[in-house]
Amino acid sequence: MAVTLDIQQPQPFDLVGSTILIAGNATAFEGTLSITVSEGHDEVTSFTQVGSLGLRQFQGSVEIPATAAFTLNRLFLTLADDSGNENGPSVTIPVLYGPLILPGYAGWQPYTVQPGDTLTAIAQSQYGNGNFQPIFEANQNILANPNLIFPGQVLRIPRNDI
């Protein structure tokens, strides 16, 4: 079966902000893909255009309004070609929602763990306090335990001052 939806951005567990950029390749009936962002408590919908009659590149975005009632920081982005058939192909990707991880989220920067580092010490150096929870939540796809980090790991440090 031919691939009809290939999502290149975002990747699973990308850390995203209020504007989620979406890109990839798709074949869509009449060139429309629906976008749904959900976490079980609320849902935001949008759409993007794709060229028809063959595999085409596309770019789109979805704006998460400040009024969205998301309570969990792990969202599920679903992209679907349901314009010709409600059971058409779809792809669902988990993403991490920065504004629920760190108030005022503006982006993130990488940090490579050094020997002797702890999440508390990293938080102290990055935020001026020992609250490591935003760092732990932004890296929940690679960290299972906040007391278990390793030299060489690259962590995403959420920022509200970029």
Rounded to the nearest 0.5 Å, the CG atom of Asn129 sits from the CG atom of Asn131 at a distance of 5.5 Å
In this structure, CG of Leu143 is separated from CD1 of Ile135 (nearest 0.5 Å) by 10.0 Å
Here the side chain to side chain donor-acceptor pair (under 3.5 Å) pairs for residues 89-104, sequence neighbours left out, are Thr78-Thr92
Interatomic distance, CD1@Ile22 vs CZ@Phe58, rounded to 0.5 Å, equals 7.0 Å
| query | Please walk me through it: do Ile142 and Leu155 pass side-chain contact (heavy atoms from CB on, under 4.5 Å)? | reply | CA-CA 9 Å; Ile142 61 170; Leu155 302 178; 3.9 Å; yes
Any chance CD of Gln59 has more than 12 other-residue heavy atoms, nucleotides or ligands included, within less than 6.0 Å?
-> no
Notebook entry, point to check: Is there a chain of hydrophobic side chains (I, L, V, M, F, W, Y, each step under 4.5 Å between heavy atoms) that links Phe70 to Leu96?
Noted result: no
By salt bridge (charged side-chain N to carboxylate O under 4.0 Å, His left out), Arg156 pairs with (sequence neighbours left out) none
Taken to the nearest 0.5 Å, the spacing of Leu100 CG from Ile64 CD1 works out to 10.0 Å
Is it the case that the side chain of Gln140 and the backbone of Glu137 share a donor-acceptor pair, with hydrogens and angles ignored and the cut-off at 3.5 Å?
yes
Quick one, Asn139 with Gln153, criterion side chain to side chain donor-acceptor pair (under 3.5 Å). Give me CA distance, side-chain angles, the key distance, then yes/no.
CA-CA 11 Å; Asn139 294 281; Gln153 276 182 312; over 6 Å; no
Tightest non-hydrogen contact, residues Ala138 and Asn141, listed as O-OD1, 4.3 Å
For Asp161, the side chain to side chain donor-acceptor pair (under 3.5 Å) test, sequence neighbours excluded, returns Arg159
Closest heavy-atom pair, Ser61 versus Leu21, reported as atoms and distance to 0.1 Å, is CB-CD2, 3.9 Å
Notebook entry, point to check: Are any non-hydrogen side-chain atoms of Leu119 and Ile149 less than 4.5 angstrom apart?
Noted result: yes
By side chain to side chain donor-acceptor pair (under 3.5 Å), Thr67 pairs with (sequence neighbours left out) none
For Leu33 and Ala26, the nearest pair of non-hydrogen atoms, with its separation, is CD1-CB, 3.9 Å
Residues 9-18 side chain polar contacts: donor-acceptor under 3.5 Å, at least two apart:
residue, atom, partner, partner atom, Å
Gln11, NE2, Gln8, O, 2.8
Asp14, OD2, Gln11, N, 2.9

*May I ask you to test the Leu77-Val91 pair for a side-chain heavy-atom distance under 4.5 Å?*
no
Between Leu102 and Pro134 the two heavy atoms that sit nearest each other are CD1-CG, 4.0 Å
Rounded to the nearest 0.5 Å, the CD1 atom of Ile157 sits from the OH atom of Tyr111 at a distance of 7.5 Å
Would you call Tyr127 and Pro158 a side-chain contact if the rule is heavy atoms closer than 4.5 Å?
-> yes
(message) Any side-chain to backbone donor/acceptor pair from Asp42 onto Ala69? Under 3.5 Å, distance only.
(response) yes
Check: If we ignore angles and hydrogens, is there a donor and acceptor under 3.5 Å between the side chains of Glu39 and Asn73?
Finding: no
Excluding Phe76, membership of its hydrophobic cluster (Ile, Leu, Val, Met, Phe, Trp, Tyr; side-chain heavy atoms within less than 4.5 Å) reads none
The reported gap from CZ in Phe47 to CG in Leu79 (rounded to nearest 0.5 angstrom) is 12.5 Å
* Can you find a pair of side-chain heavy atoms, one from Thr45 and one from Ile35, that are under 4.5 Å apart? -> no
Validation row: Val44, Leu75 side chains within 4.5 angstrom (heavy atoms)
no
Margin query: Is there a path of hydrophobic side-chain contacts, each under 4.5 Å between heavy atoms, that joins Val95 and Leu5?
Written below: yes
